[in-house]
Structures are given as structure tokens and as C-alpha cells.
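Excluded from the calculations below are hydrogen atoms, water molecules and symmetry mates; all remaining heavy atoms, backbone and side chain alike, are included. Letters A, B, ... are given to chains in the order of the sequence lines, protein chains preceding strands, and every chain is numbered from 1.
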There are 2 protein chains.
Amino acid sequence: MAGTPTVYDVAGRAGVSIATVSRVYRSPESVREATRERVLVAARELGYVPSGSARGLASRSTGVLGLCFPDYSDPDAESEAAAVDADDDHAFMLYSDQIIRGMERAARRHGYALLIAASLTGGPESLVAKVAGRVDGCAVLARTVPTEDLEVISRRLPVVMLAGPPEQDGPGGLDRLDHIEVANAEGQRELTRHLIEDHGLRRLTFVGGIEDSPDAEARFAGFRDACRAAGLPVPDEPDLRAELMTQAGGARAAEELVDRAGPDGLPEGVLFANDQMAVGALHALARRGLRVPEDLAVTGFDGIPLGRLVQPALTTVRQPMRRLGEEAVELLVRRLAEEQRGEPESLVLPVEVVRRASCGCGHEA
Amino acid sequence: MAGTPTVYDVAGRAGVSIATVSRVYRSPESVREATRERVLVAARELGYVPSGSARGLASRSTGVLGLCFPDYSDPDAESEAAAVDADDDHAFMLYSDQIIRGMERAARRHGYALLIAASLTGGPESLVAKVAGRVDGCAVLARTVPTEDLEVISRRLPVVMLAGPPEQDGPGGLDRLDHIEVANAEGQRELTRHLIEDHGLRRLTFVGGIEDSPDAEARFAGFRDACRAAGLPVPDEPDLRAELMTQAGGARAAEELVDRAGPDGLPEGVLFANDQMAVGALHALARRGLRVPEDLAVTGFDGIPLGRLVQPALTTVRQPMRRLGEEAVELLVRRLAEEQRGEPESLVLPVEVVRRASCGCGHEA
DNA sequence: TTGAAAGCGCTAACAA
DNA sequence: TTGTTAGCGCTTTCAA
């Protein structure tokens, strides 16, 4: 009676059994109105709030879905966004923000709350494990959680992997994971096709990342497809790999491109594997006195808001991040309804080429 | 051994007691390395993940902080944002997004995860109660949760109210709630002063909301202060109250202002209680063929990203929503460290006037 | 419609 | 360093 009140306290005060108190909260209509009222009054007087932990333990479900995402604070993403727009850097959404929003909405529709955590340490007591233990199902942004942990977690609850490649793995591996990604290759292919066919560009350069980002690789593959289809030379490797796929990395890549410009001069178009790099490049090129798109076209990938605000506005491929979150929830909810776990699903969401000024298109539209 | 594995399964397999298994996860260094290894291996083989519910129940703490926010889907906020920027409406962050981001970061620093839920129903089984039962402390956006529920919840765990007025209530009321808000009155006063002193405007109109929004009222108070200080007439009531503080509401208010323009003609400046309305007004005025700021100045309040993109860019007062989230976490963490609950705290965060074109300032800066 | 009783899976003393 | 033993507060049969 001293600490926080429990069912027992409420039951005592209302003159009913603890089972009845429990019923009042779980299925009010199964309790006679008068009784229910009495319980609710007692609860209110006592300041009773059902313990989620106890409920979860007893009922083996939490009513919560989880999201693990990387500690996505690319320091120069933030500081340079601020530089371009010192006015309000916080106007910009990160991917994680959009996914969170999508998941929260969808989760709410299904009566779930959302538990979010950026990956921190790893180790036995990782945040991930913490999340996994407190939710009924969970979405994980690719490369956030050590594969090994994922393997363990996915044996206990449905896990959907977001935005990474489908599990490439061997025996005993992550074959049980669902997976949602966006159409990286198709998007990059279509964007490349646009540059080639609609703008008549032929000497194109693709800038990837050095880290083995599956997204970047898929985009490169799309680039190659488009080159092949157009009868242009098909590179085996990206012409350049930025060390970091950040604005700084993109700026450095652009510098290098300019410096190494051979007898043919600059390429007619540079396709960056993401918007961050493209934006950095735009700045670097301007500093070098080069005009975009007159001297060369520049494109990105992702569709970050910043891309609209730079000069010239960035042509890119937009990923439907919010939908990614929504679809993740739908998938989890479906899984949770199954009595037996079915085959892993893999969903690919369509992307959209956004033509703005940096590729030579007139208007933003 | 059939269902999800528990400490007992792991203990059995590793040949140790359940206490040891528990220790491996809670304080690895208190277990001999060899033992620990054995446990970890067994856990991995079994697919063991500690149950958050059980831990929470046994330890009486969850390691999770919560946030309840309103179901913030102003339908025309979304659709009109889309109209202005059909290209990517989802580029815009809502308040809740920013607060979430702030809280998540701060929570992470302190080792907490974040549970978020938009208020849905109310009633015994409300989402709020659900959240409250699963967290160690919780932030609530003003007017999200019925006062009565808050009263109950706050007896069980620390609750910090965000962005509302300090609790105005009577005996037995919410006197135990901490509270963080932004300097509404000060911001509006400073903005008004700017119009009066720097732009020399004298005939000003304030447009509030009809619903009793404490924020809007505080802003109106700031407006009055500035008028008084400047020796201008001090209205008792806002000259106009929009039915909804949305873009549609603002547009309607602007229409009315134009229609009722008496012998003196239009006011020289119209101050809206929020950005949404101001943006709507900007559209409406343009449709009427009026020029802003030449024919009249327009200002908002909030600092929503959309304000930068409209024509002319909107002069406003920016609220530090992200910091609101961070401060909320700091406060909760502080509360959780106390052994005895101290006096309620009330924090007021400073705001910033953002001078853009709509008030007659030349540049966005 | 209500009650009694047996766990749910873990932590936290306390012992050993 | 490790094991034993009570609970933590609730849900859930099963009876009444």
C-alpha cells in the first residue's frame, strides 16, 4: 500500500477481486457497470496505472513495435546543412525521422505504440537487445545491428529489415527476415537514361562510396544498366569512390574530378550515389568557378529536402521513406497475426526521378 | 523449452544458475570470463533475448522514457503544404517530429530508449495509460491527455508537460507537474516592437484563434504589451479570431479583414498567432491582388519550414522545439535521480524573431 | 458476472 | 564468484 498502487490495492478498496480489476482494464464490457464504476473510482483515488511490464509478462505481448536505426548523425550533414541554411537547420528531416513518422502512423492505426532507439554500443546489453525484449515486433534499418544479434532476435520475434539488401546469407543465417527496400537500381537507371536520352549526355561519371554500401552498389548497377542500354561504355567500377558519403566526401570527389580532367575535359554529367555528396559537390564546383548544369550536370539520389534549396536545385531520385515505415508496420502486424511463421517476404518500393535544375531541366517540376 | 527460451533454459544449457545468467546481462564483469562465455554461447544457441517485461517487473524500471503527443494531422496543413510544394510535402517536419528528435537524442545520451504514441481514444485503456505503464518518466504535449488522466499518471511517475501553460489548477490538481514552454509573450512582443519601431507601422491587427489556446493567448498578451509600450491603442481582444488555426482559417481571416476594411483601409500589418494561418493569409491576399509587404505586412509565429518557402518568405518567431524535447529529457532524468520528488519546475525557453520578407525586411537573414 | 490460484521471466537480497 | 529463494504486478484458466 506504500509504493505505487497495484491491482491488489484497487481490488481491496473496491471490494472486488484482482481478477475483476484486471478485467475492467482489459475488457470493460465483461464487468457489470456498477462494479466497473467502483473499480475505476478506486483506481482514480489511489492513482493506479496498470504496470506495462507486469501485463507484458503475464500476457506475453506488449502492444509495442520497435525501430532500431543507426546513430545517424553525420556531423557534416548537420553542420553543412546549417551552413547552407543557417537559418533553420532543424527544418530538415533525416531518413530516420521520416521512417519514424511513417511507422508511428501505421502503428497507431493498429493500436501499437512505437519504441525507437538508435544503436549505441552493441554487446550483450545493447540497446537493440533492450528494444527487442520490449516489443512484439521490430524494424531495423540496414546495417544498424550486428548480423549475429539479428539472428538471435529474429528467432524470438518478427524482424523486418529496412533499406538494405535482401539477406545474402548462408546456412543458418538470416533467412527468416522480412525485408523492404527501395528500387535503387531501377531509379538510378531511369535517372541515367534521362541524362543520356533527354539531355543527350554521353560522358558520364558515377561517384560511389568506398564503404561497401549495398545501396550504393545497387545504384551503380542501375547506372551500368543504363549505359549498356544506350550503347555507352560500361564501367566495371565506379569512376570514383568517396571515402565518406557525406557532403565533405562529395566535395572532395568533385575536386578530384576537376583536377584529373584529362584531354577530354570534364565529364558531361556526374552522378553521385547520394544527395549528400551531390550537394557537397555543387558547392565545390561553384568554388572552382564551374557552372551546373552548363559545364556539367550533377545528380544525387535520395530526395533529401536540402536538395531543393541548393543552387541549382538538385535532380535526384526520391525514396519513399515514409512509406517504408508504413509498410514495415503492415508487415509486422501481418506476421504477428500468423500462428505459424510463413516464408520471408521481400518488398521493393518504387522510387521516383525528380527533375530539377542541376541536370539541365528548366523547372523544378 | 518449447516456446521462447528463458533464463532457465540458458542456465540449464550452460550449467549455471539463473542468477548467473541474469548477471551476465546486467553486470558482465561480475561473472568470471569463462562462465560468461559459456552463458553467452548457450544464449546464442537458444536464441535467448531477455524479456523486457520481466526485467521491468522485477527491477521496477524500464529504461524507457515516453512521449505523448496529439494526433497532429491538421488535414489542410498537409494538403496545402503539398500544394505549395507538391514535390515533397513530406520534407516538412511537424512539431512532434522535432520534439521526438530532441528527446531521442537526449534520451540516448542517458541510456534510455523512447516510446512514442499519439493520443487516440482516452478511456481506461487509452494509449496514454499504455505509455505511462511502460516508461520510467514521460513528456506530454499540452492538451494531449485529459487532465484527469494526467493527475493519476503523475502520481506514479514523473511527467513533464510541454508547451502548454503552467498548470493553472486548483487544489489536488496538477501541482506536481513539471512544465516547459517557450517564451510566447516575449517573442510576440519583440516581433510587434520590430514592426512598430523598425518598420514604423502603427495600425496593427492581431489574429488569434477562437479555441482557447493558451499559446495564442500568451502571444496576444505579448502583442498588447508592445502596443502599450509604443503608446498605441491596446485592444482587449484579438481583432479577429480564426475558427481554426490552420491555413484555411488564416485565409478566411484575411478575406474578412479585406472585406471589412473601413475608411482607413487595411491595417498596415497583420500579426497571426501562428505560421499556418499566416501562410494561408498570404495566399488569400495574393488572390485578392494585395501585395505583401507593400500593401500590408504579415507575420506568423512558430518558425515552420514552410514559412521559408512561401512568397514572400514569412517573418515569424521561431520556437526551439528540438530543445524542448531535450530539456524534457533532462528534467525527467533529473527527477528520476531524486529520491524524493522536489518542487515542480517550470522552464521557459527563449524564442527568436526571424525577419524575412513578409514584414518588409529585405533579406531572409 | 465474479473469484481463486497458478504462473509469466526476471532481479535482488542473502547465503554459500 | 555463484546459487537459492522470494517476490515484482498482472493475465488467465478454471470454478463457482
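Between Y8(A) and V31(A), the one whose closest nucleotide on DNA chain C sits nearer the 5' end is V31(A).
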Report, one pair per line, the protein and nucleotides 12-15 of chain C atoms (nitrogen or oxygen only) whose separation is under 3.5 Å.
{"from": "dA12(C)", "atom 1": "OP2", "to": "R26(B)", "atom 2": "NH1", "distance (Å)": "3.3"}
{"from": "dA12(C)", "atom 1": "OP2", "to": "R26(B)", "atom 2": "NH2", "distance (Å)": "3.0"}

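Going from atom OH of Y8(B) over to atom CD1 of I18(B) covers 3.5 Å, rounded to the nearest 0.5 Å.
In this structure R334(B) satisfies the side chain to side chain donor-acceptor pair (under 3.5 Å) test together with E345(B), sequence neighbours excluded. For E326(A), the salt bridge (Lys or Arg N to Asp or Glu O under 4.0 Å) test picks out no residue, with sequence neighbours left out. In this structure, Y112(A) has no ring pair (Phe, Tyr, Trp, His ring centres under 6.0 Å) partners at least two apart in sequence or on a different chain. With sequence neighbours excluded, no residue forms a side chain to side chain donor-acceptor pair (under 3.5 Å) with S53(B). Remark: R60(A) engages no residue in a salt bridge (Lys or Arg N to Asp or Glu O under 4.0 Å) (not counting sequence neighbours). Considering only residues two or more places apart in sequence or on other chains, S30(B) meets the side chain to side chain donor-acceptor pair (under 3.5 Å) condition with S27(B). By the side chain to side chain donor-acceptor pair (under 3.5 Å) test, E327(B) pairs with R323(B), sequence neighbours left out.
Taking atom CD of residue E29(A) and atom P of nucleotide dT1(C), one finds them 10 Å apart after rounding to whole Å. Nucleotide dG9(C) holds its C1' atom 7 Å from the OH atom of Y48(B), rounded to whole Å.
Direction change of the helix axis from one end of the helix from dT1(C)-dA16(D) to dA16(C)-dT1(D) to the other is 20°, with five pairs defining each end axis (rounded to 10°).
Nucleotides of DNA chain D with any atom under 4.0 Å from a heavy atom of chain B span, from 5' to 3', dT1(D) to dG9(D).
A donor-acceptor pair is defined here as one N or O able to donate and one able to accept, closer than 3.5 Å; no such pair exists between the side chain of R322(A) and the backbone of Q98(A).
Applying the salt bridge (charged side-chain N to carboxylate O under 4.0 Å, His left out) rule to pairs touching residues 27-39 of chain B yields nothing, sequence neighbours excluded. Within the structure, salt bridge (charged side-chain N to carboxylate O under 4.0 Å, His left out) pairs that include any residue of residues 41-53 of chain A comprise R13(A)-E45(A), R44(A)-E148(B) (at least two apart or interchain).
In this structure, V21(A) reaches neither bases nor backbone, as no heavy-atom distance under 4.0 Å exists between it and the strands shown. Note on S53(A): nothing from the nucleic acid sits closer than 4.0 angstrom, heavy atoms only.
Within the structure, a side-chain polar atom (N or O) of T20(A) is placed less than 4.0 Å from OP1 or OP2 of dG3(C). Applying the 4.0 Å criterion to OP1 and OP2 of dT1(C), one finds that R32(A) has every side-chain N and O outside that range.
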